[in-house]
Amino acid sequence: AAHHGVVLAKIKNLYAANRLEEAIDGLDVFLKKNLLIDKQLLSKCNLALALWLPHMDMRVPDLLARSVALNPESYKSRSALALSQFKDLRPDSPPAAVVDTVRSLFKCIALSVSAPLQDVLRIITLWFKWYDGSGKAVRAEFEAGFDAVPLKTWLQATPQILARLRGPQTPLRDSISALMTRVGSA
């Protein structure tokens, strides 16, 4: 275990010294050779490698998913995965990709101590954009997420939410009204 710590410290120093290629190669080799070490350490290494690689690198989604799988309760891993999924959504993304992103963001909010505003705003952005017209699975994921996180989560974004009450989309308006009614009753 001490050997792992020394190797990882060397890799982190390479990264800090802006020797990115060496650091990325070193961490990649470390991960391939050390599959049987502590799951939390492997999770952190997968996360670090994913964050060090350019966002468009094809390995990033798998590294982030592996980091979450190894440590499902890690806010940092979940947040990085959710942000990557959020950035990858396009207007023509399939509903399953939207569902995965919404689920990841709600899990981030549930894992955090204080429901970071950026996660809440990302959920709201997806809610306003995808709730109508994306199908029952997307709507069901939003509704399940609203039930899974504390109602106080939405207080910090109430102005943004209420601004959409006058929107033309009836299902979204009904969903906003239902959530705000629950928040007001709590």
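All values below were derived from every heavy atom in this structure, side-chain atoms included, with hydrogens, water molecules and symmetry-related copies excluded. None of the values given here were measured: they were computed from a predicted structure.
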Salt-bridge present (D119, R122; N to O < 4.0 Å): yes

Side-chain heavy atoms of K10 within contact of E22, under 4.5 Å: no

Note, K44 side chain near L70 side chain (heavy atom, < 4.5 Å): no

Residue pair C45, L49: steps toward the side chain to side chain contact (heavy atoms under 4.5 Å, CB included) verdict: CA-CA 6 Å; C45 290; L49 185 55; over 6 Å; no

Non-hydrogen atoms of A50 and L63 that approach each other most closely: CB-CB, 3.8 Å

Shared hydrophobic cluster, L14 / L47 (ILVMFWY, side-chain heavy atoms < 4.5 Å): no

Atom pair OG1 (T181) and CD1 (I176), whose distance is rounded to the nearest 0.5 Å: 11.5 Å

Gap between atom CG of L53 and atom CE of M56 - 0.5 Å precision: 12.5 Å

Transitive ILVMFWY side-chain link L126 to L81, under 4.5 Å: no

Verdict with supporting geometry, S104 and F86, side chain to side chain contact (heavy atoms under 4.5 Å, CB included): CA-CA 9 Å; S104 289; F86 182 82; over 6 Å; no

Side-chain heavy atoms of D88 within contact of T101, under 4.5 Å: no

M180/W154 under side chain to side chain contact (heavy atoms under 4.5 Å, CB included): CA gap, chis, key distance, verdict: CA-CA 8 Å; M180 290 292 97; W154 309 108; 4.2 Å; yes

Check: S74 side chain, N71 main-chain N or O, donor-acceptor pair, under 3.5 Å: no

Distance (rounded to the nearest 0.5 Å) between R78 CZ and K107 NZ: 5.5 Å

Spacing of L151 atom CG and L179 atom CG [to the nearest 0.5 Å]: 7.0 Å

Main-chain N/O of L42 paired with N46 side-chain donor or acceptor, under 3.5 Å: yes

L8 and L41: CA distance, side-chain angles, deciding distance, side chain to side chain contact (heavy atoms under 4.5 Å, CB included) verdict: CA-CA 10 Å; L8 289 173; L41 180 58; 3.5 Å; yes

Same apolar cluster (I L V M F W Y, side chains within < 4.5 Å links), F30/V60: yes

Joint hydrophobic cluster, V29 plus I11, side-chain heavy atoms closer than 4.5 Å: no

Whether T125 side chain and L121 backbone form a donor-acceptor pair below 3.5 Å: yes

Check: R19 side chain, A16 main-chain N or O, donor-acceptor pair, under 3.5 Å: no

Any donor-acceptor pair under 3.5 Å from S185 side chain to R182 backbone: no

Pair S43-S67, side-chain donor/acceptor within less than 3.5 Å: yes

NZ on K33 to CG on D28, rounded to 0.5 Å: 11.5 Å

Hydrophobic cluster membership, V149 vs L83, 4.5 Å side-chain cutoff: no

Between R173 and T170: side-chain donor-acceptor atoms closer than 3.5 Å: yes

Closest approach of L105 to A82 (non-hydrogen atoms, all atoms of both residues): CD2-CB, 3.7 Å

Any donor-acceptor pair under 3.5 Å from S134 side chain to Y131 backbone: no

Plane angle bin for W52 and Y15 - parallel if under 30°, tilted between 30 and 60°, otherwise perpendicular: parallel

Carboxylate-amine/guanidinium contact D92 R90, below 4.0 Å: no

Distance (rounded to the nearest 0.5 Å) between I123 CD1 and F128 CZ: 11.5 Å

Carboxylate-amine/guanidinium proximity below 4.0 Å for R66 and D62: no

Near-ring test W130/F142, centroid separation under 6.0 angstrom: no

